[in-house]
Amino acid sequence: MQQKTGSITRRNLGRLAGGLAATTLAAPALAQGGGALRVGLMLPFSGTFAALGENIAAAVDLHLQERGGKMGGRAIEIIRLDDESNPANAVQNVNRLLGRDKAEVLIGTVHSGVVMALVQASRERGVPLIIPNAGNVAATRSLCARTVFRSSFSNWQPAYGMGLALGKQGVKRAVWVTWDYAAGSESGEGFRDGLKAGGAELVKELKLPFPETNFQPLLAQIPDLKVDVVGAFFAGGGAVQFVRDYAASGLKDKIPLCGSGFLTEGTLGGQGAAAEGIRTALHYGDGLDNPKNKTFRDAFKQKTGREADVYAVQGYDAAQMLGIGLDGAKGDPAAEAAWAGAIEKARIDSPRGAFTLSPSHNPVQNIYLREAKGGQNVVIGIAAEALADPGTGCKMS
Ligand code: PHB
């Protein structure tokens with residue numbers, strides 16, 4: 001095993017510990033013998049983000065099918081685990097995938113709090129990790145690592161685009177309404193930075209605990225703030241409820257609602273007329289006119305019976321990145337320089353439009369301005385072109 005030859009760094013030590021915890025006779029033979037490669041897919045399949053996890057997982061499967069079930073010359077076995085978007089169980093869930101299930105690669109997850117356990121495991125044990133959603137900025141800033149990649153966005157990116165677009169349109173004062181956890185506050189930072197760059201001001205943030213949906217006390221505070229626009233980060237089931245409550249409160253006709261695109265992503269069916277006209281910013285839009293998007297949307301619809309959304313795109317691209325990395329490493333996930341180097345150099349042919357990764361392994365991508373119209377998030381412009389997360393504090397090991 002490779003630990004015997006390398007120097008004992010923190011990472012090697014972690015790998016050794018992880019290996020011992022998961023000791024079986026079969027594991028080393030499998031790793032060298034080209035047997036099925038076990039990929040731990042940790043996502044929410046229950047709770048407010050369940051639909052997000054389902055679309056990511058289905059799109060991972062879709063790409064795997066396109067590749068005949070093989071990457072880097074090896075059959076791929078996907079092991080699913082429902083993390084329930086519960087940070088309290090995150091470490092235990094990651095250990096279960098790496099220990100009991102002997103996963104050699106990790107893909108996960110949706111929630112910015114839960115993803116930290118995956119990032120930590122990847123950093124300490126050298127296990128490749130591809131994040132198919134969670135935008136926690138630390139993953140590609142202060143805690144960036146050679147082994148950690150993201151196929152999605154940083155929480156800062158879409159909200160920055162939204163704030164910038166509003167400032168340029170002449171908005172002066174805005175409020176941010178969100179859940180009180182990393183994704184909510186970090187997207188609030190992006191919104192603030194974007195507004196400022198466009199000459200506008202974030203006057204207040206209104207928050208409630210994740211995943212609560214008792215929005216009335218927050219909505220009641222909005223009229224007194226004298227804002228031109230209300231911005232929000234919510235997603236999944238919580239976003240359906242927020243958009244409906246915003247309209248029902250009578251605010252929709254007085255102060256426009258906008259946000260990170262998750263607010264109306266995969267949710268328009270449940271939001272109905274309450275969502276009509278809401279403008280958001282995101283690295284994807286339903287009708288993006290490129291051949292890859294069209295093929296992808298048709299294939300996803302055929303496989304699942306559902307329309308694709310940004311979560312499906314991110315899952316598909318996480319699988320594409322895994323394939324690129326494993327091809328580069330000839331199927332050996334321990335060959336870190338080979339698989340990481342292959343992804344770092346790649347131009348990923350995404351339904352959102354081709355993208356590359358920034359030095360801290362986060363997508364460099366257009367942030368589109370969209371408007372909800374008749375059940376679609378229609379692209380009406382580009383809020384920020386080829387936007388990279390600043391990657392502040394990233395020292396790649
Ligand atoms: C996050 O927790 O990072 C998160 C969750 C759902 C989204 C976007 C970001 O739609």
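Bear in mind that the values here come from a model prediction, so they are computed numbers and not experimental data. Each ligand, and each atom within it, is numbered from 1 in the order the structure gives.
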query = Mind checking whether L52 has a heavy atom under 4.0 Å from ligand 1?
reply = yes
message = Using the rule ring-ring contact (aromatic ring centres under 6.0 Å, His included), only one of F262, Y311, F210 pairs with F49; which is it?
response = F210
request  = Have a look at F234 and tell me which of W176, Y246, F242 forms a ring-ring contact (aromatic ring centres under 6.0 Å, His included) with it.
outcome  = F242
task = State, to 0.1 Å, how close A90 and M42 come at their nearest heavy-atom pair, and which atoms those are.
result = O-CE, 4.2 Å
Identify the closest protein heavy atom to [atom]: which residue and atom is it, and at what distance?
| atom | answer |
| --- | --- |
| atom 1 (C) of ligand 1 | V110 O, 3.2 Å |
| atom 2 (O) of ligand 1 | Y181 OH, 2.6 Å |
| atom 10 (O) of ligand 1 | Y311 OH, 2.8 Å |

For [X], atoms of ligand 1 separated by under 4.0 Å from a heavy atom:
| X | answer |
| --- | --- |
| A183 | 1 (C), 2 (O), 3 (O) |
| A134 | 3 (O) |
| H111 | 2 (O) |
| A235 | 6 (C), 7 (C), 10 (O) |
| F153 | 8 (C), 9 (C) |
| N133 | 4 (C), 5 (C), 6 (C), 7 (C), 8 (C), 9 (C) |

Is there a donor-acceptor contact under 3.5 Å linking the side chains of [X] and [Y]?
| X | Y | result |
| --- | --- | --- |
| N55 | D309 | yes |
| E385 | N366 | no |
| N155 | S187 | no |

query = Does the R173 side chain pair with the main chain of L225, one donor and one acceptor, at a distance under 3.5 Å?
reply = yes
query = Where on S112 is there a heavy atom closer than 4.0 Å to ligand 1, on the side chain, on the backbone, on both, or on neither?
reply = both
query = Which is it for V115 and ligand 1 at heavy atoms under 4.0 Å: side chain, backbone, both or neither?
reply = neither
query = How about H283 and F355: are their ring centroids closer than 6.0 Å?
reply = no
